[in-house]
Amino acid sequence: MNGVSVGILGTGKYVPERRLTNAELERTVETNDEWIVTRTGIRERRIAAPEQATSDLAYEASLQALSAAGITAEELDLIIVATITPDMFFPSTACLLQEKLGAKKAAAFDLSAACSGFIYGLANATGFISTGMYKHVLVVGAECLSRITDYEDRNTCILFGDGAGAVVLGPVSGDRGFKSFKLGADGAGGELLRIRGGGSRCPSSGETLADRSHFIEMNGRDVFKFAVRVMGSAAEEALAAAGYGKADIDLLIPHQANIRIIQSALERLDLSEDKAMINLDRYGNVSAASIPLALAEAVEEGRVKEGDTLVLVGFGGGLTWGAAVLNW
């Protein structure tokens, strides 16, 4: 990577207060705690309050990230919000967040790459800063997936939750900063994970409401196979691009979708489980918010030290995937 070295100056996270446990789901769909934990690793997930939208969760996480970075909102040049659950089609959630923060000088846009969105956002922000166009960029992954989850579908309602994670990126010195990115997409797999209703292809109507077209639809088996294949390979390719090897990884920050997918990636990367940040047991799959939420929590817990090499890797609907190598 050429130009200015770009790194993370501060992290932040926010999760709603309400917990939705496996025991509660047992009372509404045909499932049980043992089945959910064995197959996914998830024990509970957070659910936004009725009055909360994605921009509200993003706002709380962003305040933490700005404080940790030691900068004010008015010093931001750009805000990128990765989300598949925007407050509305437009204006963008990033523009709504800009107003909430008072970041009057910042440009703002949303990015849609599903669960890979945060990695895509980091790559975009790094490009803007490394060229000298901008100095400080706020990248947020935020989701209210409970609003698009079908709680009559036992295959998907056990997976998803709400939350937000945020980082402030800026120039860094020495050997710190992002060393490589690997982004990818395979639109041929778009039907494996999607929401059919509400867009220009299938506009909202009484019919789309009746057939539940506005909820997440997922081919779980094929998505699982895709994820197992791409998580490890994307991480390996990003490491190679940075001139690093598996042994250089101090901490893996994976997308928190399924414990078996994470374990598969660890096996491929020759890492023990203590080399990964895992919190899906408490939050479930929070799509674009999963990786920044896990990163902020790892920082909070003291699991990230100066000089550590981190690998961030995720996959999602699109199909999309992304990995980044970062020296803290």
Side-chain angles (χ1 to χ4, degrees), residues 4-17 48-49 51-88 90-112 117-144 162-173 176-178 286-300 304 312 324 326 328:
V4 175
S5 293
V6 181
I8 292 176
L9 308 181
T11 63
K13 70 180 181 69
Y14 175 78
V15 291
E17 291 183 14
E51 67 275 10
Q52 287 181 312
T54 297
S55 66
D56 299 312
L57 311 190
Y59 172 73
E60 298 295 340
S62 298
L63 289 180
Q64 284 191 14
L66 287 167
S67 176
I71 71 166
T72 66
E74 289 198 347
E75 293 177 84
L76 290 174
D77 301 301
L78 174 65
I79 298 171
I80 301 173
V81 175
T83 186
I84 55 170
T85 54
D87 287 30
M88 57 195 79
F90 68 91
S92 70
T93 302
C95 281
L96 299 176
L97 177 60
Q98 183 227 38
E99 193 276 331
K100 289 176 188 288
L101 291 171
K104 299 176 181 178
K105 299 175 184 176
F109 67 86
D110 285 358
L111 190 157
S112 179
F118 182 71
I119 303 292
Y120 271 62
L122 292 177
N124 272 269
T126 298
F128 280 117
I129 298 169
S130 65
T131 62
M133 182 174 178
Y134 293 136
K135 185 177 182 182
H136 295 126
V137 179
L138 174 68
V139 182
V140 186
E143 303 285 11
C144 283
D162 303 336
V167 296
V168 176
L169 269 62
V172 292
S173 58
R176 294 181 60 205
F178 287 99
V286 202
S287 189
S290 281
I291 291 174
L293 184 55
L295 174 62
E297 207 154 79
V299 172
E300 273 184 5
V304 181
L312 287 60
L326 167 67
W328 193 257

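We're numbering straight along the sequence, starting at 1.
When all heavy atoms of Ala289 and Gly163 are compared, the pair lying nearest together is CB-O, 3.4 Å. A pairwise comparison of heavy atoms in Ser92 and Ala108 identifies OG-O, 4.4 Å as the closest pair. Closest heavy-atom contact between Pro171 and Val4: CB-CG1, 3.7 Å. Nearest heavy-atom pair across Thr11 and Ile8 is CG2-CG2, 3.8 Å. Across all their heavy atoms, Phe118 and Gly141 have their closest contact at CD1-N, 4.1 Å. Considering all non-hydrogen atoms of both residues, Ser290 and Val286 come closest at OG-N, 3.0 Å.
With contacts defined as side-chain heavy-atom distances shorter than 4.5 Å, the pair Leu312/Ile119 qualifies. Put simply, the side chain of Val140 reaches to within 4.5 Å of the side chain of Leu97, judged on heavy atoms. At a threshold of 4.5 Å between non-hydrogen side-chain atoms, the residues Lys100 and Ser55 count as touching.
When the side chain to side chain donor-acceptor pair (under 3.5 Å) test is applied to Tyr14, the partners found at least two apart in sequence or on another chain are Gln52. Evaluation of the side chain to side chain donor-acceptor pair (under 3.5 Å) rule for Glu300 yields no partner, not counting sequence neighbours. Here Val304 pairs with Leu251, Ala298, Val299, Leu310, Trp328 under the side chain to side chain contact (heavy atoms under 4.5 Å, CB included) rule; sequence neighbours left out. In this view, Tyr59 satisfies the ring pair (Phe, Tyr, Trp, His ring centres under 6.0 Å) rule with no residue, not counting sequence neighbours. In terms of the side chain to side chain donor-acceptor pair (under 3.5 Å) criterion, Asp77 has no residue partners (sequence neighbours excluded). For Ser112, the side chain to side chain donor-acceptor pair (under 3.5 Å) criterion is met by no residue, not counting sequence neighbours.
Checking side-chain atoms of Gln98 against main-chain N and O of Ala103 turns up a donor-acceptor pair under 3.5 Å. With hydrogens and angles disregarded, a donor-acceptor distance shorter than 3.5 Å links the side chain of Thr131 to the backbone of Gly127.
Val167 pairs with exactly one of Leu9, Leu122, Leu138 by the side chain to side chain contact (heavy atoms under 4.5 Å, CB included) rule, that one being Leu122.
One finds the CD1 atom of Ile84 at 11.0 Å from the SG atom of Cys144 (value rounded to the nearest 0.5 Å). To the nearest 0.5 Å, atoms CG (Asp87) and OG1 (Thr54) are separated by 5.5 Å. Rounding to the nearest 0.5 angstrom, the gap separating the CG atom in Leu66 from the CD1 atom in Ile71 is 5.5 Å. Leu169 CG to Asn124 CG: the interatomic distance, rounded to the nearest 0.5 Å, is 11.0 Å. Note that OG1 of Thr126 is 14.5 Å distant from OH of Tyr134, once rounded to the nearest 0.5 Å. Put simply, CG on Leu76 and CG on Leu101 are 7.0 Å apart, with the number rounded to the nearest 0.5 Å.
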| message | Using side-chain contact (heavy atoms from CB on, under 4.5 Å), reason through Leu78 and Phe109 one step at a time and then give a plain yes or no. | response | CA-CA 8 Å; Leu78 174 65; Phe109 67 86; 3.9 Å; yes
| task | Determine, stepwise, if the pair Glu75 / Thr72 fulfils side chain to side chain donor-acceptor pair (under 3.5 Å). | result | CA-CA 5 Å; Glu75 293 177 84; Thr72 66; 3.3 Å; yes
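Between Lys13 and Glu297 there is a salt bridge, since at least one side-chain N of the basic residue sits less than 4.0 Å from a carboxylate O of the acidic one.
Within 6.0 Å of NZ in Lys135 there are 12 or fewer heavy atoms belonging to other residues, nucleotides or ligands.
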